[in-house]
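Here's the structure, in structure tokens; my notes come after.
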Amino acid sequence: MLELKNIDKYYNIGTINEMCLFNNFNLTVGDGEFVSVVGSNGSGKTSMLNLICGSSHVDGGKILMNGKDITFKKEFQRYRDIGRVYQDPAMGTCPDMTILENMAIADNKSKSYGLRLGINRSRVDFYRDQLKSLNLGLEDKLHVKVGALSGGQRQAMALLMATMTDIKFLILDEHTAALDPKTADLIMELTDEVVREKHLTTVMVTHNLRYAVEYGNRLIMMHKGKTVIDKAGEDKEKIVVNDILDVFNEISIECGN
Ligand SMILES: Nc1ncnc2c1ncn2[C@@H]1O[C@H](COP(=O)(O)OP(=O)(O)OP(=O)(O)O)[C@@H](O)[C@H]1O
Ligand SMILES: [Mg+2]
């Protein structure tokens, strides 16, 4: 379970640009829940993910992971339990290293001597099997540099690398946004498979309303640091894309657009 409790978050404190993004923000994500998060630009989606992962820190409140207070835990400590995939395929992989080297790094991420670039030969078959599951032929390109792959191939690898260790939480920030529609569909299907297979508690930010509706068992819409839609289970299944568009329109009118 993931809990954000009474979160306050300010940016540019003490300057003329000071802004309060979250004021007493609360969110609880249950075990195995797959939450799709939508919302307009600047509504606080990435900020929320950064707080969960520790790439940014709260100004008030607590973050609990499986009941443990991780508010003051460092980012790298949190990544033992969290896999994260970003919008930019370049963020989740090392372009100057081969597919094999990338897999070895991901495999060692939770070990304290992880950056020693030793490839454990006995793991190569395991890496090959993992890559095979992507159905992109990457298992035959182990010695190709990742920088030579297409964005979609890299994102598939980033997803694989983020989820190959024994993580419990998956954090996705518009991870299909840079891909063509067909490749985006493929990455979404792979995502859904891995979430189910590993029973991952997942928070997926997306601007693709079709994905938000089709995938996951809970849907949240954010606006100005607050949740304005939060539907789970059967209520979520009833939501159609137009329902979300209607709320976007209402908000836009409220904001004078
Ligand atoms: N590091 C930062 N310093 C100052 N302000 C920031 C910082 N990060 C985010 N903000 C501000 O916080 C607000 C929320 O930004 P955030 O990136 O969380 O939005 P988002 O919902 O992810 O938007 P998008 O859909 O465009 O990715 C914005 O007003 C943004 O300008
Ligand atoms: Mg964002």
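We count ligands from 1, going down the list as the structure has it; atoms in each ligand are counted the same way.
- Ring geometry for Tyr215 versus Tyr211: interplanar angle over 60°, hence perpendicular rather than tilted (30 to 60°).
- Between the side chain of Lys168 and the backbone N or O of Ile82, no donor-acceptor pair lies under 3.5 Å.
- Close approach of ligand 1 to Asn41 is summarised as follows: ligand atoms under 4.0 Å from at least one heavy atom of the residue are 23 (O), 24 (P), 25 (O), 26 (O).
- Side-chain atoms of Met221 and Val38, non-hydrogen and from C-beta on, do get closer than 4.5 Å to each other.
- The residue from Thr206, Asn208, Val213 that alone fulfils the side-chain contact (heavy atoms from CB on, under 4.5 Å) condition with Arg210 is Asn208.
- Under the 4.0 Å distance rule, the nearest protein heavy atom to atom 2 (C) of ligand 1 falls inside the cut-off.
- For ligand 1, the atoms lying closer than 4.0 Å to a non-hydrogen atom of His207 are 25 (O).
- Under the salt bridge (charged side-chain N to carboxylate O under 4.0 Å, His left out) criterion, Glu3 pairs with Lys5, sequence neighbours left out.
- Protein N/O/S atoms found under 2.8 Å from the Mg ion (ligand 2), listed by chain and residue number: Thr46 OG1.
- The closest donor-acceptor contact from the side chain of Asn217 to the backbone of Phe34 lies under 3.5 Å.
- Between atom 15 (O) of ligand 1 and the options Ser47, Ser43, Ser40, Ser56, the minimum heavy-atom separation is to Ser47.
- The N/O atoms of Leu21, backbone and side chain alike, include none that comes under 3.5 Å of an N/O atom in ligand 1.
- Contacts with ligand 1 closer than 4.0 Å are made by no heavy atom of Met222, backbone or side chain.
- Met19 CE, 3.3 Å is the protein heavy atom nearest to atom 29 (O) of ligand 1.
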Item to check | Full working for side chain to side chain contact (heavy atoms under 4.5 Å, CB included) between Leu27 and Ile220 | outcome: CA-CA 10 Å; Leu27 178 72; Ile220 286 177; 3.3 Å; yes

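- Near Gly44, with a cut-off below 4.0 Å to any heavy atom, the atoms of ligand 1 are 14 (C), 18 (O), 19 (O), 20 (P), 21 (O).
- Here the protein heavy atom with the shortest distance to atom 12 (O) of ligand 1 is Tyr11 CE1, 3.3 Å.
- Ligand-side atoms of ligand 1 in range of Glu174: 25 (O), 27 (O), range being under 4.0 angstrom from any heavy atom.
- Scanning the protein for heavy atoms near atom 14 (C) of ligand 1, the closest one is Gly42 O, 3.4 Å.
- Under the salt bridge (charged side-chain N to carboxylate O under 4.0 Å, His left out) criterion, Asp88 pairs with no residue at all, not counting sequence neighbours.
- At a threshold of 4.5 Å between non-hydrogen side-chain atoms, the residues Leu4 and Phe22 do not count as touching.
- Heavy-atom contacts from other residues, nucleotides or ligands closer than 6.0 Å to CG of Asn12 number more than 12.
- Residues forming a side chain to side chain contact (heavy atoms under 4.5 Å, CB included) with Ser122 (at least two apart in sequence, or on another chain): Asn120.
- Side-chain contact check for Leu49 versus Arg84: some heavy-atom pair is nearer than 4.5 Å.
- Remark: atom 31 (O) of ligand 1 lies closer than 4.0 Å to no protein heavy atom.
- When hydrogens are left out, the protein atom nearest atom 25 (O) of ligand 1 is Lys45 NZ, 2.7 Å; that is the closest non-hydrogen contact.
- Two residues are said to be in side-chain contact when any heavy atoms from C-beta on lie closer than 4.5 Å; Ile63 and Ile7 meet this criterion.
- When only non-hydrogen protein atoms are considered, atom 17 (O) of ligand 1 lies nearest to Thr46 CB, 3.8 Å.
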